[in-house]
Q: 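Got a structure for you, written out below as structure tokens; questions coming shortly.
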Amino acid sequence: MPDGSLIALSEGRKLSSSDSGPKFLAMRRSVDAGKSWTPTSFIIDDGMADDGLNLGTVFVDEISETVFVMYSWCYHKCSYPTTYVISSRNNGLSWTKPVNISAQIGNFRFAPGPGFGIQVWRRSLNL
């Protein structure tokens with residue numbers, strides 16, 4: 001994270017180990033390089049959706065110090081899954097409401113992860 005803390009995110013499955021069952025987006029934070037972790041917090045709850053969220057990717061915009069999480073909804077059973085993004089400007093202490101970005105990326109089957117975002121900061125090149 002921009003402040004040096006770490007976050008760990010996972011799909012907290014509610015009823016089984018299946019990818020298509022209901023889940024939470026779960027998170028833990030560490031401020032001491034992973035020596036200790038906060039209790040699990042739940043960022044997104046898909047209720048009892050038969051095919052709810054699937055964690056995609058986490059990336060940081062180093063310029064704005066914003067952390068983004070992209071995830072899909074109904075990836076396995078819907079003809080057109082939805083892709084959402086949430087963000088945090090305070091190192092994961094709070095998150096925005098989900099924003100549907102499917103129209104911007106196209107309404108096709110898109111799995112935003114697993115993976116990571118890369119940003120090249122060109123400050124040293126004076127661009």
Side-chain angles (χ1 to χ4, degrees):
M1 305 300 283
D3 69 349
S5 63
L6 302 172
I7 62 169
L9 297 166
S10 69
E11 298 169 3
R13 289 166 168 81
K14 296 177 185 177
L15 303 176
S16 74
S17 61
S18 173
D19 273 351
S20 63
K23 295 180 268 326
F24 294 102
L25 179 55
M27 182 190 83
R28 296 179 83 183
R29 294 183 76 244
S30 174
V31 295
D32 57 8
K35 294 176 187 167
S36 64
W37 293 86
T38 62
T40 302
S41 62
F42 299 103
I43 301 171
I44 303 287
D45 179 354
D46 66 13
M48 292 305 289
D50 186 40
D51 189 12
L53 69 88
N54 283 84
L55 179 57
T57 191
V58 180
F59 55 99
V60 177
D61 179 330
E62 294 177 356
I63 295 170
S64 68
E65 296 187 343
T66 304
V67 181
F68 295 91
V69 176
M70 286 179 36
Y71 65 94
S72 62
W73 185 279
C74 197
Y75 184 81
H76 301 94
K77 297 181 180 181
C78 294
S79 297
Y80 300 102
T82 306
T83 303
Y84 290 97
V85 66
I86 58 174
S87 62
S88 173
R89 294 198 60 151
N90 58 6
N91 303 295
L93 294 173
S94 64
W95 296 89
T96 62
K97 291 183 179 182
V99 175
N100 182 339
I101 61 169
S102 296
Q104 286 85 356
I105 63 172
N107 290 324
F108 56 90
R109 188 168 299 280
F110 175 77
F116 56 90
I118 299 172
Q119 177 180 6
V120 177
W121 197 351
R122 299 184 183 263
R123 181 192 313 181
S124 61
L125 300 176
N126 296 320
L127 296 177

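Please read all numbers here as calculations on a predicted model, not as lab measurements.
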Q: Starting from L55, can I reach M1 by hopping between I/L/V/M/F/W/Y residues whose side chains sit under 4.5 Å apart?
A: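 Linked within one cluster.
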
Q: Can you check whether R89's main-chain N or O pairs, donor with acceptor, with T66's side chain at less than 3.5 Å?
A: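 Side chain of T66 to backbone of R89, a donor-acceptor pair under 3.5 Å: no, none is there.
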
Q: Can you see which heavy atom on G47 is nearest to which on D45, and at what distance?
A: N-OD1, 2.8 Å

Q: Which heavy atom in P81 sits nearest to a heavy atom in C74, and how many Å separate them?
A: CB-O, 3.6 Å

Q: Under a 4.5 Å side-chain heavy-atom rule over Ile, Leu, Val, Met, Phe, Trp and Tyr, are F24 and Y71 clustered together?
A: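 The answer is no; the residues belong to distinct hydrophobic clusters.
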
Q: Roughly how far, to the nearest 0.5 Å, is CG of D61 from CZ of F68?
A: 5.5 Å

Q: Do S5 and R29 have side-chain atoms, one donor and one acceptor, less than 3.5 Å apart?
A: yes

Q: Applying the 4.5 Å side-chain criterion to the ILVMFWY set and letting contacts propagate, would Y75 and L9 be lumped into a single cluster?
A: no

Q: Just by distance, do the side chain of S87 and the backbone of V67 share a donor-acceptor pair under 3.5 Å?
A: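 Not at all, since once roles are kept as given, no pair shorter than 3.5 Å links the two residues.
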
Q: First locate atom CG of N100, then atom OG1 of T82, and finally report the distance between them rounded to the nearest 0.5 Å.
A: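 Answer for the CG-OG1 pair, N100 versus T82, is 5.5 Å.
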
Q: Between I86 and L6, is there shared hydrophobic-cluster membership here, with clusters defined by ILVMFWY side-chain heavy atoms closer than 4.5 Å?
A: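 Result: no, two separate clusters.
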
Q: Which atoms form the tightest heavy-atom contact between Y84 and P98, and what is the distance?
A: CD2-CB, 3.8 Å

Q: Is there a donor-acceptor pair under 3.5 Å between the side chain of E11 and the backbone N or O of N54?
A: no

Q: Distance check, rounded to the nearest 0.5 Å: L53 atom CG versus I43 atom CD1?
A: 10.5 Å

Q: Looking at K77, I want to see if its NZ is surrounded by more than 12 non-hydrogen atoms of other residues, nucleotides or ligands under 6.0 Å.
A: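 More than 12 heavy atoms, drawn from other residues, nucleotides or ligands, come within 6.0 Å of this atom.
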
Q: Report yes or no: does K23 contribute a side-chain atom to a donor-acceptor pair with the main-chain N or O of I44 at less than 3.5 Å?
A: no

Q: Taking all non-hydrogen atoms of both residues, which atom of P22 and which atom of L15 are closest, and how far apart?
A: CG-CD1, 3.8 Å

Q: Can you find a pair of side-chain heavy atoms, one from V69 and one from S88, that are under 4.5 Å apart?
A: no

Q: Distance from R28 atom CZ to T40 atom OG1, nearest 0.5 Å?
A: 4.5 Å

Q: Hydrophobic clustering (ILVMFWY, side-chain heavy atoms < 4.5 Å, transitive) - are W95 and W73 grouped together?
A: yes

